[in-house]
Peer 1: 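If you scroll down you'll find the structure; I have some questions about it.
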2 protein chains.
Amino acid sequence: MYTVAEENYIKSIYHLQRHQKSVHTNDLAAELNTRAASATDMIKKLEAKGLLKYEKYYGCSLTKSGKKLALNIIRRHRLWEFFLSEKLGFGWEEVHAVAEQLEHVQSDLLTDKLDAYLGFPRFDPHGDPIPDTLGNMAAREQTPLSLWTSQAPAEVCGVGSQDESFLEMLSLKQLEIGCRLTVLRHFNFDKTVELQLATGSSFTISEMLAKNIFVKPVEV
Amino acid sequence: MYTVAEENYIKSIYHLQRHQKSVHTNDLAAELNTRAASATDMIKKLEAKGLLKYEKYYGCSLTKSGKKLALNIIRRHRLWEFFLSEKLGFGWEEVHAVAEQLEHVQSDLLTDKLDAYLGFPRFDPHGDPIPDTLGNMAAREQTPLSLWTSQAPAEVCGVGSQDESFLEMLSLKQLEIGCRLTVLRHFNFDKTVELQLATGSSFTISEMLAKNIFVKPVEV
DNA sequence: CGAAATATTTAGCCAAAGCTAAAAATATAT
DNA sequence: ATATATTTTTAGCTTTGGCTAAATATTTCG
Ligand SMILES: [Mn+2]
Ligand SMILES: [Mn+2]
Ligand SMILES: [Mn+2]
Ligand SMILES: [Mn+2]
């Protein structure tokens, strides 16, 4: 149906659209490690296929059918990540790269059978919600630790990057999905955050790290 | 490492090589549903990469490293077929098409973890042996029913085609891998074969069918 | 406002993998 | 042994998805 390149563009546009209303050529090119000229070309092709709306020099945004396709690709990606992590024993820093390939296997039957086999999981190993067949998914709560001011205990429920070294660092510091902690204080000078794990150990993390760890209130 | 097209050529050449010493351009093109001119082009590219030896107007044959690659692709293909059939509940006539896509996911870690997860299976759902990491696999016994003259009970252990309608027909006639039967007689006139299942029911199958069902003596 | 900087598009390339039609080599048949 | 048929290769074209460099539009700043 769609080429790998087309699917990668659609997925990237979808992700960029969460932050901007309209997706700019340069941002898209950066996201896909390609050049603006190439992005412009592909945007035109995707518009011709009715997957997005495009206004010259302004940007593009997905149509209904573009969004539907994006959600299907994201569904495949996250289901495979869950499979790799849960069934095959991959580390959460390893799954993304392999899922980038697996997400392009086109078979709705496969996707749905995989979903059922995995027990209809609602979140991938990074805490991102998995869309169902219709494209519905859990709303993501993503308060970054950098903005978490409450004294109440918090639970790590997501991460803001798929970077391998970032995820490895989190594992090393025992900061994985589901882990509980309290924020002891925010240092205003350099925006570092001091926190304490449920295990008792406490330490300080950089602003960059704090921005990429999402937490939610601990369920009662 | 290698493109999908390259991998498909290598795999086809490997399969054709079982029958001919040297693989001819036309046969290769037919196998891949493409044209002789395209096959010639790709053969040259693959020779430049050291995967095969090529003599103009004569044909080509895989080098050591070409064979190694072919076995790795076949390993991936058959492991995925086993996964789809065994874990996801696909029918044996459905797995081949999906495995054609999955076989091109390139990650040795994935292949090996999948192998372990599946319990190191030795045969795929069609009875074809699965190569291990080193490329070793069980020898296949493939006496077609058309040549099985013994009165002794035989066990179905392989099929000679991946065609969906063929495999569906076999399921319908209860002729699946592992099934036991005895050959009652060969009709010389039209080469049809009369056989009897372990269930007691007996019927006659066409020459074409008989040629594509492989059997072996029942283990004692 | 107008100049400089930045963003985007266009034009003109390239490589991969396919195709058709024509040329060349090989095989077959009279 | 020559003529015919088949197979294979070559030449030239197409599409997809890249690229660079130049042109054009937009934004920002003095
Ligand atoms: Mn991912
Ligand atoms: Mn991808
Ligand atoms: Mn198969
Ligand atoms: Mn394939």
Side-chain angles (χ1 to χ4, degrees), chain A residues 1-14 16-17 19-62 66 69-70 73 100-101 103-106, chain B residues 1-14 16-17 19-62 66 69-70 73 100-101 103-106:
Chain A
M1 208 63 173
Y2 296 101
T3 67
V4 169
E6 286 171 338
E7 290 195 341
N8 282 336
Y9 270 95
I10 290 294
K11 196 176 58 149
S12 291
I13 293 168
Y14 180 90
L16 290 171
Q17 234 176 197
H19 307 297
Q20 303 132 277
K21 264 293 83 113
S22 192
V23 173
H24 299 294
T25 308
N26 259 354
D27 298 347
L28 184 53
E31 175 81 11
L32 285 161
N33 285 309
T34 181
R35 301 313 170 100
S38 308
T40 301
D41 285 349
M42 182 59 90
I43 286 170
K44 287 178 184 166
K45 285 177 205 164
L46 296 175
E47 184 179 40
K49 297 197 178 190
L51 295 171
L52 52 79
K53 240 177 356 136
Y54 170 50
E55 269 182 84
K56 259 191 183 180
Y57 289 103
Y58 173 70
C60 66
S61 65
L62 296 181
L69 174 57
I73 301 163
E100 271 309 309
Q101 294 186 66
E103 73 186 0
H104 301 292
V105 173
Q106 288 170 348
Chain B
M1 208 62 173
Y2 296 102
T3 67
V4 169
E6 286 171 339
E7 289 196 341
N8 282 335
Y9 271 94
I10 290 294
K11 196 177 59 151
S12 290
I13 294 167
Y14 180 90
L16 290 171
Q17 236 177 196
H19 307 296
Q20 304 130 279
K21 262 297 79 113
S22 192
V23 173
H24 299 293
T25 307
N26 259 354
D27 298 347
L28 184 54
E31 175 82 12
L32 285 160
N33 286 307
T34 182
R35 301 313 170 97
S38 307
T40 301
D41 285 349
M42 181 59 90
I43 287 170
K44 287 178 184 166
K45 285 176 205 164
L46 296 175
E47 184 179 39
K49 297 197 179 190
L51 295 171
L52 52 79
K53 240 176 358 137
Y54 169 51
E55 269 182 84
K56 260 191 185 180
Y57 291 101
Y58 172 69
C60 66
S61 64
L62 296 180
L69 174 57
I73 301 163
E100 271 308 309
Q101 294 186 65
E103 74 185 0
H104 300 294
V105 173
Q106 288 170 347

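This structure is a prediction, so every number in the text was calculated from the model and none was measured. Residue numbers start from 1 in every chain, and the chains themselves are labelled A, B, ... in the order their sequence lines are given, proteins ahead of strands.
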Peer 1: Look at the side-chain N and O atoms of B:His24 and state whether any lies under 4.0 Å from the OP1 or OP2 oxygen of D:dT7.
Peer 2: no
Peer 1: Distance check, rounded to the nearest 0.5 Å: B:Met1 atom CE versus B:Gln106 atom CD?
Peer 2: 8.5 Å
Peer 1: Could you work out which one of C:dT9, C:dC19, D:dT9 sits closest to the side chain of A:Thr25?
Peer 2: C:dT9
Peer 1: To the nearest angstrom, how far is A:Asn33 atom CG from D:dG18 atom C1'?
Peer 2: 13 Å
Peer 1: Just one of A:Leu52, A:Leu32, A:Asn8 clears the side-chain contact (heavy atoms from CB on, under 4.5 Å) bar with A:Ile13, so which one?
Peer 2: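 Of all the options given, the one that passes is A:Leu52.
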Peer 1: Please report, rounded to the nearest Å, how far the C1' atom of C:dT8 is from the CG atom of A:Leu28.
Peer 2: 13 Å
Peer 1: About how many Å separate OH of A:Tyr54 and OG1 of A:Thr40, when rounded to the nearest 0.5 Å?
Peer 2: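 Atom-to-atom, A:Thr40:OG1 and A:Tyr54:OH are 5.0 Å apart.
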Peer 1: Name the nucleic acid region contacted by A:Lys45, choosing base, sugar-phosphate or nothing; use a 4.0 angstrom heavy-atom cut-off, strictly under.
Peer 2: base
Peer 1: Measure from the side chain of A:Tyr54, starting at C-beta and using heavy atoms only, and say which of D:dT8, C:dT8, D:dT20 lies closest.
Peer 2: C:dT8
Peer 1: Classify the nucleic acid contact of B:Ala39 as base, sugar-phosphate or nothing, counting any heavy atom under 4.0 Å across all strands shown.
Peer 2: nothing
Peer 1: Calculate the interatomic distance between A:Glu55 atom CD and C:dT9 atom P; express it in whole Å.
Peer 2: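 So the two atoms are 11 Å apart, to the nearest Å.
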Peer 1: Atom OH of A:Tyr2 to atom P of D:dT16: distance rounded to whole Å?
Peer 2: 14 Å
Peer 1: Verify the contact: side-chain N or O of B:Asn26 to OP1 or OP2 of D:dT8, cut-off strictly under 4.0 Å; return yes or no.
Peer 2: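 Answer is yes, contact under 4.0 Å.
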Peer 1: Measure the distance from CG on A:Leu32 to P on D:dG18 and round it to the nearest whole Å.
Peer 2: 8 Å
Peer 1: From the options D:dG18, C:dT9, C:dG18, select the nucleotide whose nearest atom is closest to the side chain of A:Ala5.
Peer 2: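 Nearest listed nucleotide: D:dG18.
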Peer 1: Please tell me which of the listed nucleotides, C:dG18, D:dG18, C:dT8, lies nearest to the side chain of B:Tyr9?
Peer 2: C:dG18
Peer 1: For D:dT16, take OP1 and OP2 only and decide whether either is under 4.0 Å from a side-chain N or O of A:Thr3.
Peer 2: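 Checking A:Thr3 against D:dT16: no side-chain N or O falls below 4.0 Å of OP1 or OP2.
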Peer 1: What residue among B:Lys49, B:Lys45, B:Lys11 forms salt bridge (Lys or Arg N to Asp or Glu O under 4.0 Å) with B:Glu6?
Peer 2: B:Lys49
Peer 1: Distance from A:His24 atom NE2 to A:Cys60 atom SG, nearest 0.5 Å?
Peer 2: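 Going from NE2 on A:His24 over to SG on A:Cys60, the span is 9.5 Å.
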Peer 1: At under 4.0 Å, does any side-chain N or O of A:Tyr57 touch on OP1 or OP2 of C:dT10?
Peer 2: no
Peer 1: By nearest nucleotide on DNA chain D, pick out whichever of B:Lys44 and A:Met42 is the more 5' one.
Peer 2: B:Lys44
Peer 1: Rounded to the Å, how far apart are A:Ile43 CD1 and C:dT10 P?
Peer 2: 11 Å
Peer 1: Using a heavy-atom cut-off of under 4.0 Å over every strand shown, decide if A:Ser38 touches base, sugar-phosphate, or nothing.
Peer 2: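 Base contact.
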Peer 1: Can you see if the side chain of B:Thr34 gets near the phosphate of C:dC19 - specifically, an N or O under 4.0 Å from OP1 or OP2?
Peer 2: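 Answer yes for this pair, as a side-chain N or O of B:Thr34 is under 4.0 Å from OP1 or OP2.
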Peer 1: Need one value for B:Ala36: base, sugar-phosphate or nothing, where a base atom within 4.0 Å counts as base even if backbone is also close, heavy atoms only.
Peer 2: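 Base, at least one base heavy atom under 4.0 Å.
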Peer 1: Measure the distance from CG on A:Leu46 to P on D:dT16 and round it to the nearest whole Å.
Peer 2: 12 Å
Peer 1: For C:dT20 and B:Arg35 - does any side-chain N or O of the residue sit under 4.0 Å from the phosphate oxygens OP1/OP2?
Peer 2: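 Result: yes.
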Peer 1: Tell me: CD of B:Glu6 to P of C:dA16, nearest whole Å?
Peer 2: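 My rounded result for the distance is 9 Å.
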Peer 1: Is B:Lys56 near enough to D:dT10 that one of its side-chain N or O atoms lies under 4.0 angstrom from OP1 or OP2?
Peer 2: yes
Peer 1: Could you measure the distance from the OH atom of A:Tyr2 to the CD1 atom of A:Ile73? Nearest 0.5 Å is fine.
Peer 2: 9.0 Å
